[in-house]
Protein chains: 2
Amino acid sequence: MKKKVTLKQLAKELNLSISTVSKSLKNDPEISRKTIVRVRELAKFYNYKPNALAVSLKSSKTKTIGVLLPEILNNFFATALFGIQQEAAKEGYKIVTCFTNESYQKEVDYLETLTYSSVDGIILALSQETQIKNKVSHITELAQDNIPVVLFDRVSDTIQCDKVIIDDYDASKKAVSHLLDSGCKHILVISTIHELSVGKLRAEGAQKVVTAYTGATLSTIEVTQEDEGAKEITAFLKNHKVDGILGFDELSVALAIHIVNAIGKKIPEEIAIIGFSDSTLSRYSSPKITTISQHAEELGSMATALLLKRMNPDTSENTPNFTTKVVKTSLLKRASTR
Amino acid sequence: MKKKVTLKQLAKELNLSISTVSKSLKNDPEISRKTIVRVRELAKFYNYKPNALAVSLKSSKTKTIGVLLPEILNNFFATALFGIQQEAAKEGYKIVTCFTNESYQKEVDYLETLTYSSVDGIILALSQETQIKNKVSHITELAQDNIPVVLFDRVSDTIQCDKVIIDDYDASKKAVSHLLDSGCKHILVISTIHELSVGKLRAEGAQKVVTAYTGATLSTIEVTQEDEGAKEITAFLKNHKVDGILGFDELSVALAIHIVNAIGKKIPEEIAIIGFSDSTLSRYSSPKITTISQHAEELGSMATALLLKRMNPDTSENTPNFTTKVVKTSLLKRASTR
DNA sequence: ATGAAAGCGCTAACAA
DNA sequence: TTGTTAGCGCTTTCAT
């Protein structure tokens, strides 16, 4: 069994003191060239790596970021996570990830676990339950522990911190405008996220555009339970004229596609579909689904970059105020809209 | 700014020694009831939590599991990750996750990062490049560092460790049998994972069944580049009689669905489709796609359970030999097959 | 029943 | 140029 080599062992073998060895490995100029070379050679021979735990204990830095996501079985968050991990790795940071399953209590518990296992900072998208309850003291308290937080996508005005969001309101306007411009008169919005900040913004944006166009009707179906929602949508499509559907989230889009196909309506001739989720489903459906691209990976990497800057501030400048970065979405025109 | 409380501070405030405080918090019987109560009360008052770093340094345990995945934008691995995190959390373990993007070098690098930041164990699915090169010394060497590893899904015979896999060979037989039983005569297999262990096993299984049925033809298209693959599949379907398709992976299934729809063939009447991936695409396609369920979440949680057992062996028993758990897949019959 | 002291592996101020 | 020492926060053995 290969034991991990420590400074102590190197020092002993070289007949030097521990501190000399430590300094040599840092190329400290106060150590002689000759000694440095000797030390580094032996260190390389043994493949010495400093014990990260000891370094962390000493420095109170762990080079670890805590990531708290509402769910992972969701293209958006999975993609964001990917962006986070990639960006973190660039700077030598690791990520510890937990999933709250949209539960407030889990969010509280995991946050505690993360802070007490000493992550240097936290990236977080609020759980649905947290947004509904609007209880965020578990997050604001992090400031007292001096742990920087970056919120992304699911944010809260009550929390003072750096944030990265998309332009939900505008994106939704963009989507509805696209439908109307292509001749849709009767738009149906489907949402499973009406309780979320992003869902509300999207609803407002959609309504805004429709109101501006006289004569147009905006109906909304808020889905809470998948089966019931599916029935409701099916019934609605049978009993109302609908020629365009906007799905606010992955599940809504999936339901829309499935049901429109099931009742035998042609996409986009009879019903156009546009969605907020760029999942495999959207990309490989027939026709391919027009999508608002949320740039999830960029969202993740921007959140990480912000956090890294907050954790390692430029000594030259004074601490900048909290910013909210808004990532512009783009309309990925595909075949499900005219 | 709230500072984290330490034993030292508690001791000072209580006029006790650090060790007494430490023992009290552990309910050490050699400490008087009265003292224990006093200590615990003050600890609760300050919401004392032991510094995880210090504990880890002392105990050489971090309560952290390193997880190395080939990719995350993939329903299978995302689901497995979910299972891993859930199971780990049950025992108070955190997970540090990295994505190799199927790259050997990244796998090597991340593995080094993980081991030197002292994870207690590692859960890993080999990258594609690693399986092709069959270079696994970076993994076998972990044994020398006494870091237990559990491989899942993408495994290697060269590596001696606990493993969790699915019955790829049987699953594939099951899938092909299902197609043949329902009347398919000309089956096309599509695979983007022909270089992977799992892909090879699935290929063997499929071939086996077809060989057993005289007269049936098994054709295979191995897709390396998506666009070219799509063309190849399209051409093949035009020039050959195909009445059943088996997709070995998420992309293959997606391509199959998309192309069959695009060329206007009816599913399942003209072409039946069955796949190995239970993504949103499969579940919300019209018709819904018959799928081999890989029980990804269970795979993840089993891998974690195995690792936990290996890291915290029962003192009563002697160390068990390495095991390979095989998770039985099941056929999720849906509407894309007859 | 309580405390002193050593040590996990490292850094850094200070001494020599 | 090199070494000594103290200390990060905790556990644990061994006094008292």
Side-chain angles (χ1 to χ4, degrees), chain A residues 2-40 42-43 46-64 92 115-120 145-147, chain B residues 2-40 42-43 46-64 92 115-120 145-147:
Chain A
K2 186 177 80 182
K3 284 283 299 177
K4 265 191 197 172
V5 199
T6 65
L7 286 185
K8 201 179 186 176
Q9 294 161 44
L10 293 180
K12 192 171 163 197
E13 190 155 342
L14 290 163
N15 265 332
L16 288 170
S17 75
I18 293 179
S19 57
T20 304
V21 175
S22 172
K23 287 172 188 163
S24 300
L25 291 171
K26 299 205 151 39
N27 282 324
D28 191 316
E30 70 183 14
I31 303 291
S32 75
R33 198 67 235 149
K34 222 175 83 187
T35 309
I36 291 189
V37 171
R38 276 181 67 215
V39 171
R40 299 189 76 92
L42 194 70
Y46 281 124
N47 191 24
Y48 167 81
K49 292 281 155 96
N51 179 315
L53 249 29
V55 175
S56 292
L57 179 60
K58 191 88 230 251
S59 65
S60 305
K61 299 241 171 258
T62 55
K63 292 226 127 194
T64 305
T115 52
Y116 276 104
S117 45
S118 327
V119 295
D120 292 346
D145 287 333
N146 256 357
I147 299 179
Chain B
K2 186 178 79 182
K3 284 284 298 178
K4 267 192 194 171
V5 199
T6 66
L7 286 185
K8 201 180 188 174
Q9 293 161 46
L10 293 181
K12 193 171 162 197
E13 191 155 340
L14 290 163
N15 266 331
L16 288 170
S17 74
I18 293 179
S19 51
T20 304
V21 175
S22 172
K23 287 170 187 167
S24 300
L25 290 171
K26 298 204 150 42
N27 283 324
D28 191 315
E30 70 182 14
I31 304 292
S32 76
R33 200 67 234 149
K34 225 175 79 187
T35 308
I36 292 190
V37 172
R38 276 180 67 214
V39 171
R40 298 189 78 92
L42 194 70
Y46 281 125
N47 191 24
Y48 167 81
K49 292 283 156 94
N51 180 315
L53 250 30
V55 175
S56 293
L57 179 59
K58 193 84 233 246
S59 66
S60 305
K61 300 243 172 254
T62 55
K63 294 225 122 193
T64 305
T115 52
Y116 276 105
S117 45
S118 326
V119 295
D120 292 346
D145 287 333
N146 255 359
I147 298 179

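- Look at NZ on A/Lys49: it is 17 Å from C1' on C/dC10, rounded to the nearest Å.
- Put simply, A/Thr35 has a side-chain N or O that comes within less than 4.0 Å of OP1 or OP2 on D/dT2.
- Between the B/Ser56 side chain and the B/Ala52 main chain, a donor and an acceptor come within less than 3.5 Å of each other.
- If you measure from atom NZ of A/Lys61 to atom P of C/dT11, you get 16 Å, rounded to the nearest angstrom.
- Going from atom CG of B/Asn51 over to atom P of D/dG9 covers 7 Å, rounded to whole Å.
- The phosphate of C/dC10 has neither OP1 nor OP2 within less than 4.0 Å of any side-chain N or O from A/Ser59.
- Summary of the strand contacts: B/Ser22 and A/Leu16 both lie near DNA chain D, and taking for each the nucleotide with the nearest heavy atom, the more 5' one is attributed to A/Leu16.
- Both B/Ser60 and B/Glu30 sit near DNA chain C, but only B/Glu30 has its closest nucleotide nearer the 5' end.
- Taking only side-chain nitrogens and oxygens, A/Thr20 never comes nearer than 4.0 Å to OP1 or OP2 of D/dT2.
- For the pair A/Lys58 NZ and D/dC10 C1', the computed distance is 15 Å after rounding to whole Å.
- Residue B/Asp28 contributes atom CG, which lies 10 Å from atom C1' of D/dT12 at whole-angstrom precision.
- Among all heavy-atom pairs drawn from A/Asp120 and A/Thr62, the shortest one is OD1-N, 2.8 Å.
- Minimum interatomic distance between A/Ile31 and A/Lys23 (heavy atoms only, all atoms of both residues): CG1-CB, 3.7 Å.
- The shortest distance between the side-chain N/O atoms of A/Tyr48 and the OP1/OP2 oxygens of C/dC10 is below 4.0 Å.
- A/Lys8 comes within 4.0 angstrom of sugar-phosphate atoms only, judged by non-hydrogen atoms across all strands, and of no base.
- Residues A/Tyr46 and A/Gln9 bring no donor and acceptor atom of their side chains to less than 3.5 Å of each other.
- Rounded to an integer number of Å, the gap from NZ of B/Lys23 to P of D/dT13 is 9 Å.
- Protein atom NZ of A/Lys26 is 16 Å distant from nucleotide atom C1' of D/dT2, rounded to whole Å.
- Among the protein residues, B/Thr6 comes within range of the sugar-phosphate backbone only, with heavy atoms under 4.0 Å from sugar or phosphate atoms but none that close to a base.
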